There are 2 protein chains.
Amino acid sequence: MISQNIKVAVDAVVFGYVERQLQLLLIKQKYGSEKNKWALPGGFVLDHEDLDTAVTRELKEETGITLAYLEQLYTFGAVKRDNRQRVVSIAYLGLINPKKFKLTASTDALEVGWFAIDALPPLAFDHQEIVAKGLERLQNKISYKPIGFELLNTEFPFSNIENLYQTILNKPIDRRNFRKKLMSFGILEETDKISKPESGRPAKLFRFNTKKYKALEQKGFHFEIKFA
Amino acid sequence: MISQNIKVAVDAVVFGYVERQLQLLLIKQKYGSEKNKWALPGGFVLDHEDLDTAVTRELKEETGITLAYLEQLYTFGAVKRDNRQRVVSIAYLGLINPKKFKLTASTDALEVGWFAIDALPPLAFDHQEIVAKGLERLQNKISYKPIGFELLNTEFPFSNIENLYQTILNKPIDRRNFRKKLMSFGILEETDKISKPESGRPAKLFRFNTKKYKALEQKGFHFEIKFA
DNA sequence: TCAAAAGTGTTGGCGCTACACCCATGT
DNA sequence: ACATGGGTGTAGCGCCAACACTTTTGA
């Protein structure tokens with residue numbers, strides 16, 4: 001067999017959504033040439049573990065988080081992306097509701113944190129590029145698959161989804177049309193609960209209809225939201 | 001640095017279109033446990049070469065072909081996908097007009113060939129799965145990006161495109177509606193030439209308007225072809 | 001004159017966009 | 001009473017689906 005000196009790693013672009021902001025999960029590098037820079041959670045794949053197992057494991061180890069949604073994003077393999085050693089990294093896209101987990105820095109005592117997507121610190125390696133790809137994918141995907149609910153509480157006022165879409169797509173949407181369309185899919189169920197907002201009128205809380213949700217995941221959605 | 005014993009390879013799912021058939025480019029394995037089975041062209045990445053360079057090189061070496069279109073498809077990394085050794089393979093999707101190249105088996109004297117997509121021989125490793133993923137991607141992509149022209153001659157009768165779409169999407173389309181829609185994008189230019197068919201009425205030949213084509217590549221298309 | 005494929009328009013319906021005011025609550 | 005966000009209906013238009021006959025050529 002040929003000799004080859006390339007390492008295989010995984011990295012995770014994990015998005016969260018809190019207070020009308022799209023957030024990204026980062027850890028602070030403790031070792032290496034990029035010490036003290038923030039980076040995507042991730043690491044080397046073990047010889048006997050599948051790729052998605054590797055991401056899941058690394059995330060758990062480094063941040064304490066277990067994802068609600070995970071898909072393969074893209075593989076980054078440019079020769080010069082890490083200058084110590086050739087590393088090919090399979091990037092994954094993950095979604096999680098940050099409120100559902102407490103961040104716990106790993107035993108290596110790295111720092112872990114959520115950062116607003118439009119105020120990221122400088123990132124290690126080519127992680128900037130990976131994040132860009134992840135964001136692009138998220139924006140596309142949310143327009144044709146009912147993901148994005150993974151980012152919210154299980155019961156939420158309608159305005160949460162509305163704002164989530166506006167935030168992720170980064171454009172204003174027409175509230176009435178959006179609501180009509182989304183409701184027409186039948187994936188939202190009213191609960192009998194009511195939110196108690198800080199100000200303004202209380203809102204009904206909604207929950208997912210998981211059956212319809214699964215069905216839609218197959219068939220595909222379609223949103224092409226208008227400017228206001 | 002950690003010790004890790006994983007090899008990195010690339011594989012190419014290359015589609016061609018000839019005589020109303022979607023074809024796949026395969027090579028016959030000469031060595032290894034899967035000797036004499038057909039497989040996707042591909043091979044190990046060199047330490048100092050980028051991933052896409054690697055695919056391009058392997059394709060050239062193994063088949064003599066240089067692609068008109070190439071994009072990263074998906075990375076396959078299951079532990080057990082190759083039982084000799086752990087191999088992570090980054091699969092690429094390629095399109096080419098088979099008429100534009102003569103297949104030349106490599107110096108290792110492998111066999112090379114085009115196979116109709118619905119009559120593939122048994123494939124080595126998990127290549128069946130990779131092909132499935134490639135086909136799925138092609139079917140999606142062709143509905144929202146003006147790819148697919150890479151598969152045709154530079155000048156072609158309209159019916160070529162029409163058939164290509166039917167073949168790839170594997171469903172009948174409404175000829176009138178399809179033509180209207182496609183023409184409305186302005187990416188096809190009439191030439192003054194006329195095809196000389198084996199039978200039936202001669203047809204005008206078309207060519208691409210490369211400018212519009214580039215523009216569309218950005219904005220995205222939209223086809224959602226109906227059953228007849 | 002027949003077979004084979006090319007070429008071509010219209011209509012109806014559906015879904016999307018555009019758009020603005022009232023309601024329920026807390027302060 | 002005011003501020004804050006929640007909740008709601010309609011009309012017009014554009015786009016898409018459905019649909020079939022005529023034309024050109026070669027045999």
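Just so it is clear, the model here is predicted, and its values are computed rather than measured. Lettering follows sequence order; numbering is per chain, from 1.
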Quick one: side chains of residues 94-105 of chain A, donor-acceptor pairs under 3.5 Å with protein atoms, not counting sequence neighbours, listed by atom name and distance.
unit_1, atom_1, unit_2, atom_2, d
A/N97, OD1, A/K99, N, 3.0
A/N97, ND2, A/L152, O, 3.3
A/N97, ND2, A/N153, OD1, 2.8

Return the value, rounded to whole Å, for the distance between atom [atom1] of [X] and atom [atom2] of [N].
| X | N | atom1 | atom2 | result |
| --- | --- | --- | --- | --- |
| A/I161 | D/dG7 | CD1 | P | 14 Å |
| A/F221 | C/dC16 | CZ | P | 12 Å |
| A/N177 | C/dG15 | CG | P | 14 Å |
| A/K181 | C/dC14 | NZ | C1' | 13 Å |
| B/I173 | D/dC16 | CD1 | P | 15 Å |

Counting side-chain heavy atoms from CB outward, which of [options] is closest to [X]?
| X | options | result |
| --- | --- | --- |
| B/K180 | C/dA6, C/dG7, D/dA18 | D/dA18 |
| B/K204 | D/dT8, C/dG9, C/dT8 | C/dT8 |
| A/P202 | C/dT25, D/dG7, C/dC19 | C/dT25 |

Please figure out whether A/S199 or B/H222 has its closest DNA chain D nucleotide nearer the 5' end.
->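 Final value for this comparison: A/S199.
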Please state whether the base of D/dT4 and the side chain of A/R201 form at least one donor-acceptor pair under 3.5 Å?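 Flag unset: no donor-acceptor pair detected.
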task = State whether the distance check finds a donor on one side and an acceptor on the other, under 3.5 Å, for side chain B/R179 versus base C/dG7.
result =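 When only heavy-atom distances are counted, B/R179 does not reach the base of C/dG7 through any donor-acceptor pair under 3.5 Å.
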Side chain to side chain contact (heavy atoms under 4.5 Å, CB included) with A/K28: of A/E111, A/E34, A/K37, only one passes, and it is A/E111
For this session: Specify the residue among A/R176 and B/F206 whose closest nucleotide of DNA chain C lies further upstream toward the 5′ end.
Result: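 Residue closer to the 5' terminus by nearest nucleotide: B/F206.
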For B/K212, the salt bridge (Lys or Arg N to Asp or Glu O under 4.0 Å) test, sequence neighbours excluded, returns none
Point to revise | B/F223 side chain reached by B/Y144 side chain, heavy atoms, under 4.5 Å | key: no
Query raised in the report: Under 4.0 Å between a side-chain N/O of A/S159 and OP1 or OP2 of D/dG5, yes or no?
Result: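 For D/dG5, neither OP1 nor OP2 has a side-chain N or O of A/S159 closer than 4.0 Å.
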